[in-house]
Amino acid sequence: QVQLVESGGGLVQAGGSLKLSCVASGGTFGTYALAWFRQAPGKEREFVAFSNWSGRATYYADSVKGRFTISRDSAKNTVYLSMSSLKPEDTAVYYCAANIDYGLATTEQNYAYWGQGTQVTVSS
């Protein structure tokens with residue numbers, strides 16, 4: 001059973017930066033695809049970023065492309081989401097997700113394991 005724990009959320013002004021972390025335990029980190037999703041109040045959870053098992057293949061939602069970067073550190077069993085040029089519309093609870101790597105996956109149904117989420121609030 002894989003367990004995921006996110007951290008790093010908080011309150012930031014528009015234009016600022018934050019770096020989220022997600023530590024994985026209970027599985028073989030190097031075999032998992034990892035992703036970040038987010039859910040804003042009153043909205044459905046949406047895909048943000050994807051990393052394949054090696055970290056060499058990444059993919060982003062158009063809304064965050066060029067501003068967010070997903071990366072992973074296998075030695076620490078951790079995946080990161082570096083966010084810059086933050087906008088008020090980035091305000092959401094951010095979740096990391098994991099699953100065996102079968103290729104690019106951008107929908108919730110592709111992920112078996114989820115963290116509890118971390119709140120990111122961007123003020124205008």
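Quantities reported herein were computed from a predicted structural model and do not represent experimental measurements. Residue indices begin at 1 and follow the sequence shown.
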**Report entry** Side chain proximity check, Phe68 to Leu81, heavy atoms < 4.5 angstrom
**Finding:** yes
Requested in this report: Using a cut-off of 6.0 Å, state whether more than 12 heavy atoms not belonging to Tyr59 lie near its atom OH.
Outcome: no
**Report entry** Tyr102 side chain reached by Asn110 side chain, heavy atoms, under 4.5 Å
**Finding:** no
Query raised in the report: Between the side chain of Asn77 and the main-chain N/O of Ser25, is any donor-acceptor distance below 3.5 Å?
Result: no
Query raised in the report: Just wondering, do Trp53 and Ile100 contact through their side chains at under 4.5 Å, heavy atoms?
Result: no
Requested in this report: Measure from the side-chain N and O atoms of Tyr111 to the backbone N and O of Ala105, and report whether any donor-acceptor pair falls under 3.5 Å.
Outcome: yes
Report task. With rounding to the nearest 0.5 Å, note down the distance linking NZ in Lys19 to OG in Ser84. Result -> 12.0 Å
Requested in this report: Report the distance from atom OG1 of Thr78 to atom CG of Leu20, rounding to the nearest 0.5 Å.
Outcome: 12.5 Å
Query - Transitive ILVMFWY side-chain link Val122 to Tyr95, under 4.5 Å - result: no
Report task. For Ala92 and Ala40, work out which heavy atoms get closest and say how close. Result -> CB-N, 3.8 Å
**Report entry** Ionic contact status for Asp90 with Lys87, cut-off 4.0 Å
**Finding:** no
Requested in this report: Would you check if Arg67 and Tyr60 make a side-chain contact, meaning some heavy-atom pair closer than 4.5 Å?
Outcome: no
Query raised in the report: In Å, rounded to the nearest 0.5 Å, how long is the span from CZ of Phe50 to OG1 of Thr106?
Result: 9.5 Å
Report task. With Arg72 as the cation and Tyr32 as the aromatic partner, state whether NZ or CZ is under 6.0 Å from the six-membered ring centre and within 45° of the axis. Result -> no
**Report entry** Any side-chain heavy-atom pair of Trp36 and Met83 under 4.5 Å
**Finding:** no
Query raised in the report: Does any non-hydrogen side-chain atom of Tyr94 lie less than 4.5 Å from one of Glu6?
Result: no
Query raised in the report: Do the side chains of Val48 and Leu34 join up, straight or via other hydrophobic residues, at under 4.5 Å, putting them in one cluster?
Result: yes
**Report entry** Same apolar cluster (I L V M F W Y, side chains within < 4.5 Å links), Tyr80/Leu86
**Finding:** no
Query raised in the report: Do Val79 and Trp114 belong together in a cluster built from hydrophobic side chains that touch within less than 4.5 Å?
Result: no
Report summary line: Separation between CD (Gln119) and CG (Leu11), nearest 0.5 Å, reads 9.5 Å
Report task. State, to 0.1 Å, how close Gly55 and Ser51 come at their nearest heavy-atom pair, and which atoms those are. Result -> CA-OG, 3.4 Å
**Report entry** Evaluation steps, side-chain contact (heavy atoms from CB on, under 4.5 Å), between Arg38 and Val64
**Finding:** CA-CA 11 Å; Arg38 67 185 181 186; Val64 307; 4.0 Å; yes
Report task. Please say whether more than 12 non-hydrogen atoms of neighbouring residues, nucleotides or ligands are located less than 6.0 Å from NZ in Lys65. Result -> yes
